[in-house]
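All remarks here apply to the structure that follows.
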Amino acid sequence: MGRADARRARQGSARRAGKNTKKSGIGRFFTWKKVLGTVLGACLLGIVGFIGLYLYVDVPAGNKQAKLQSNVFKYADGSVMARVGQINRETVPLSRIPKAVQHTFVAAENKTFYNDSGVDLKGTLRGVINTLSGKGKQGGSTITQQYVKNYYLSQEQTVSRKLQEIVISLKVDQKFSKDEILAGYINTSFYGRGAYGIQAAAQAYYGVDSDKLTVAQGAYLASLLQAPNQYDWAIASDAGKKLVQERWAYTLNNMVEMKWITPQERAQQKFPVPKPPKPLPGLSGQASYIIDAAKKELFAHGVDENEFEAGGWTVTLGIEKNRQKALEESVKRKLTDDLEPGQRPVDRDVQLGATSVDPKTGYVVALYGGAGYPKHYTNNATRSDYQPASTFKPLILASAMENHAVTKGGIPINPNTIYDGRNRRPVVGGTTPFAPPNEDEVSYGKISAQVAMNNSVNSVFAQMGADVGLDQVKKTAVSLGMDGAKMDVQPAMTLGTMGASPLQMAGAYATFDNHGLKVTPSLVKKAVHTQDGTDKEVDLKNPIGEQVLSRTTADTVTSVLTGVVNDGTASEAVKNTDYKAAGKTGTSDDNKSAWFVGYTPNLVTAVGMFGESPNGGTQVTLKGAGGGGRVNGGGYPARVWADYTQAALGDGTGGDFDLETDMGAAAPPPPSPTATPTVPATPTPTPTHSATTSPTPTTSPSDTASGRPSGRPTPTGGGSTPPDGGTGGNPGGNTGTGGNTGTGGTGDGGTGGNPGGNTGNGSNGLPNFG
């Protein structure tokens with residue numbers, strides 16, 4: 001065998017030996033075929049697993065925390081009075097966010113938002129890089145993914161939660177429109193300063209609502225989402241301020257790239273430095289009473305309490321910020337500055353409530369409920385446990401005219417009707433004996449209903465109530481907004497012995513002011529519930545209702561009440577004002593309450609002052625409050641009213657009353673009654689009782705601290721007089737003159753005597769028996 005053959009033999013043996021040799025080490029496990037097979041297998045398993053996960057994971061309900069919102073209460077001008085709730089969030093629909101502001105969020109976070117499928121792997125990788133480089137933790141996901149994380153999932157960083165996020169994002173992108181997703185994202189994101197959602201953020205950083213945001217402001221808020229606390233201008237470091245300005249510029253530049261703004265518009269943008277942070281407004285002072293009363297009003301309109309407390313409500317009130325401030329300042333200036341609870345124990349018992357109403361709209365424009373939570377929880381403006389006293393008298397006159405009532409002598413009742421104003425004159429025609437005392441036991445002669453209203457003569461209105469019929473009086477009062485359940489149909493009702501609130505009395509007098517159209521004072525002008533991006537407005541009843549009094553009746557009452565201001569019990573505090581006014585004072589039993597309810601052509605305000613023991617809240621006297629003697633409606637309540645009304649009207653005077661009447665003090669005064677007024681064809685016999693002289697007052701009221709006359713009228717002789725409208729002769733045959741128009745004894749209520757003759761404290765003329 002040659003050398004060539006030997007070589008071939010050796011090569012063949014080597015090949016055979018190589019085939020029989022086993023591989024060792026890593027080469028035994030990795031071949032290109034195995035690697036490829038493994039990769040393909042893993043991909044297949046991943047695809048199958050993802051499909052399974054996609055089929056298994058459904059879009060969950062939004063988590064409760066993401067749905068929590070505050071309820072926002074606003075003044076009439078739209079500024080925020082308070083945010084009430086567990087979290088500072090107010091969801092708004094996309095329609096309340098300018099389109100350009102919407103685009104700032106897309107430009108800042110996810111330029112491909114309108115075209116992507118809800119998941120962006122490149123964006124996720126970019127987010128990781130941003131986080132590692134200190135540029136913030138957001139930006140690594142699409143807007144859809146961030147919305148899913150905010151609304152459907154927790155904030156934990158785990159592989160399983162990330163997989164859920166991806167799956168749910170794909171499904172959400174298929175289920176909802178891009179606008180719905182964007183609205184959800186903008187409303188659930190956290191912006192810093194305790195603000196969740198764009199509406200709360202707009203208020204927190206710029207003091208405006210979301211629909212008033214500019215492009216520059218929107219770009220700042222969109223930039224905040226990357227690092228809210230780091231980018232808050234008020235607390236940011238120099239580096240943070242630089243970063244947020246760069247982010248802001250980046251956002252606007254992207255908007256140019258997306259052709260959402262022009263280069264020229266971009267060049268005009270200036271960085272909008274936010275306002276300094278303010279504490280969140282909440283329940284304090286008068287807001288505590290106003291918001292509580294507004295909620296009760298909404299619940300009475302059918303709003304579900306549980307639904308309301310869950311949040312998402314924007315409630316616009318009729319409260320006008322400037323008038324609210326004016327009322328609070330008037331109470332301080334004209335009442336509380338006079339009180340010294342540390343020196344005078346009675347001053348600790350003083351409470352005041354007030355309600356001011358626009359008679360043309362029916363909305364409450366200002367309300368004073370007391371010292372505020374937690375000093376005093378009862379709302380003095382809406383409480384109805386104190387007597388309105390003589391402020392009820394105008395309702396009796398209104399009922400008389402509306403029902404075309406006549407006196408016992410058959411004479412139609414109007415402001416010029418003559419009544420017997422003697423002190424403790426027994427009521428004729430009543431089912432129960434009743435002879436109320438007048439203020440300070442003053443007797444008047446034959447006086448017109450107008451003069452009786454000016455001087456709050458109890459005996460006249462007790463008789464007038466009997467003439468009208470107490471049931472009819474109650475019916476009229478209820479039609480004007482008073483609570484019939486608190487009205488006991490008894491003679492004392494004519495003296496205002498029922499319970500009533502300043503809110504109710506303001507409504508009754510606002511109806512007079514509004515020419516007989518029913519006014520139901522309302523706090524809430526508008527209530528909108530925003531849920532899942534949709535606004536739902538509550539259908540509220542119009543505060544202005546139907547005609548419950550004829551215009552002639554209402555206007556005549558207004559005319560009469562101008563006399564109380566000009567010549568009666570309120571003249572000391574109200575007479576010399578720059579505006580035309582009408583009103584009535586009232587003082588209840590034992591000085592436990594004192595009132596003035598008054599109005600101009602454009603504003604009605606009821607002020608009630610109440611004596612309430614701090615320990616237990618029982619009714620107590622106001623005597624001695626402020627260092628004076630008796631407290632009456634012509635004192636503190638009228639002073640608060642006059643001071644507030646002047647401020648509330650501002651530069652205007654409120655105009656003139658437009659009255660369709662020729663009766664009452666606003667019209668030329670009627671002729672004084674003659675010595676021989678018309679005698680009824682069939683006069684009613686005078687009831688049997690001891691003769692009481694009918695003096696002509698000889699003193700005019702003195703402007704004392706209490707608003708009461710300094711002395712009593714001096715009686716002049718005369719016999720007993722007929723009940724109303726007649727002439728009486730004295731025992732000596734001299735003719736007594738009916739119709740004296742005395743001016744003494746101004747006031748409303750005062751001291752009464754008990755059957756034993758001792759002087760009791762019987763405000764409203766109601767004797768303090770026993």
Side-chain angles (χ1 to χ4, degrees), residues 62 66-85 87-109 113-114 143-144 146-147 150-151 176-225 251 255 260-261 272 274-275 280-281 298 303 307-308 310-317 524-540:
K67 291 182 178 181
L68 287 177
Q69 301 182 63
S70 58
N71 289 327
V72 181
F73 292 84
K74 296 184 176 183
Y75 288 102
D77 65 0
S79 59
V80 175
M81 174 185 288
R83 296 180 188 275
V84 183
I87 193 169
N88 183 25
R89 175 189 285 122
E90 180 186 355
T91 301
V92 293
L94 214 56
S95 61
R96 284 164 59 185
I97 305 171
K99 194 71 174 179
V101 174
Q102 297 175 33
H103 287 157
T104 63
F105 287 84
V106 178
E109 291 292 321
F113 169 71
Y114 287 112
I143 282 176
T144 306
Q146 292 181 57
Y147 168 54
N150 291 340
Y151 189 69
F176 299 105
S177 70
K178 290 293 186 180
D179 278 353
E180 288 174 314
I181 294 170
L182 182 61
Y185 169 66
I186 292 175
N187 278 305
T188 57
S189 295
F190 178 63
Y191 295 77
R193 295 192 182 183
Y196 288 82
I198 191 170
Q199 170 62 18
Q203 284 289 343
Y205 287 92
Y206 295 107
V208 299
D209 288 331
S210 60
D211 59 354
K212 298 296 190 299
L213 287 169
T214 66
V215 173
Q217 292 169 340
Y220 175 79
L221 295 182
S223 301
L224 275 175
L225 298 185
T251 299
M255 292 185 72
W260 287 330
I261 59 173
K275 293 183 177 182
L280 290 176
L298 284 172
V303 172
E307 182 181 12
F308 186 86
W313 290 83
T314 300
V315 181
T316 303
L317 306 170
V524 181
K525 293 182 69 174
K526 184 178 181 181
V528 178
H529 186 209
T530 304
Q531 189 173 35
D532 298 328
T534 303
D535 284 347
K536 182 179 179 182
E537 186 172 344
V538 178
D539 186 17
L540 300 173

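In terms of modelled atom types and a separation under 3.5 Å, the side chain of Q102 and the main chain of I97 share a donor-acceptor contact. A donor-acceptor pair is defined here as one N or O able to donate and one able to accept, closer than 3.5 Å; no such pair exists between the side chain of D535 and the backbone of P93. H529 places a side-chain N or O within donor-acceptor distance of the main-chain N or O of G311, the cut-off being under 3.5 Å. Not a single donor-acceptor pair under 3.5 Å links the side chain of S79 to the backbone N or O of Y75. Judged by distance alone, with hydrogens and angles left aside, the side-chain atoms of Y205 form a donor-acceptor pair with the main-chain N or O of Y191 at under 3.5 Å. The main-chain N or O of S70 is never found under 3.5 Å from a side-chain atom of R83 such that the two would form a donor-acceptor pair.
Considering all non-hydrogen atoms of both residues, K525 and L317 come closest at CD-O, 3.5 Å. Closest heavy-atom contact between V106 and I143: CA-CD1, 3.9 Å. Closest approach of N71 to G312, counting heavy atoms only: OD1-N, 3.2 Å. Pairing each heavy atom of K212 with each of Q217, the nearest pair is O-OE1, 4.1 Å. For S189 against L225, the heavy-atom pair with the smallest separation is CB-CD2, 3.7 Å. P98 approaches S210 most closely through the heavy-atom pair CD-O, 3.3 Å.
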Kindly determine whether T530 and E90 satisfy side chain to side chain contact (heavy atoms under 4.5 Å, CB included), including the steps that lead there. CA-CA 8 Å; T530 304; E90 180 186 355; over 6 Å; no

Full working for side chain to side chain contact (heavy atoms under 4.5 Å, CB included) between Q199 and V72: CA-CA 11 Å; Q199 170 62 18; V72 181; over 6 Å; no

Full working for side chain to side chain contact (heavy atoms under 4.5 Å, CB included) between V92 and D209: CA-CA 10 Å; V92 293; D209 288 331; over 6 Å; no

Go through it in stages, so that I can follow the logic: the residues are F113 and T144, the test is side chain to side chain contact (heavy atoms under 4.5 Å, CB included), and I'd like the CA-CA distance, side-chain angles, deciding distance and then a yes or no. CA-CA 8 Å; F113 169 71; T144 306; 3.9 Å; yes

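Taking OG1 from T104 and CD1 from I186, the interatomic distance works out to 7.0 Å, rounded to the nearest 0.5 Å. Atom OH of Y185 is separated from atom CD1 of I198 by 10.5 Å, given to the nearest 0.5 angstrom. Put simply, NZ on K178 and CG on L94 are 13.5 Å apart, with the number rounded to the nearest 0.5 Å.
Ring geometry for H103 against W260 counts as parallel: the plane angle stays under 30°, on a 0 to 90° scale with 60° as the upper cut.
Around CG of D539, the count of heavy atoms belonging to other residues, nucleotides or ligands within 6.0 Å does not exceed 12.
Side-chain contact between T214 and Y206 is absent, with no heavy atoms from C-beta onward closer than 4.5 Å.
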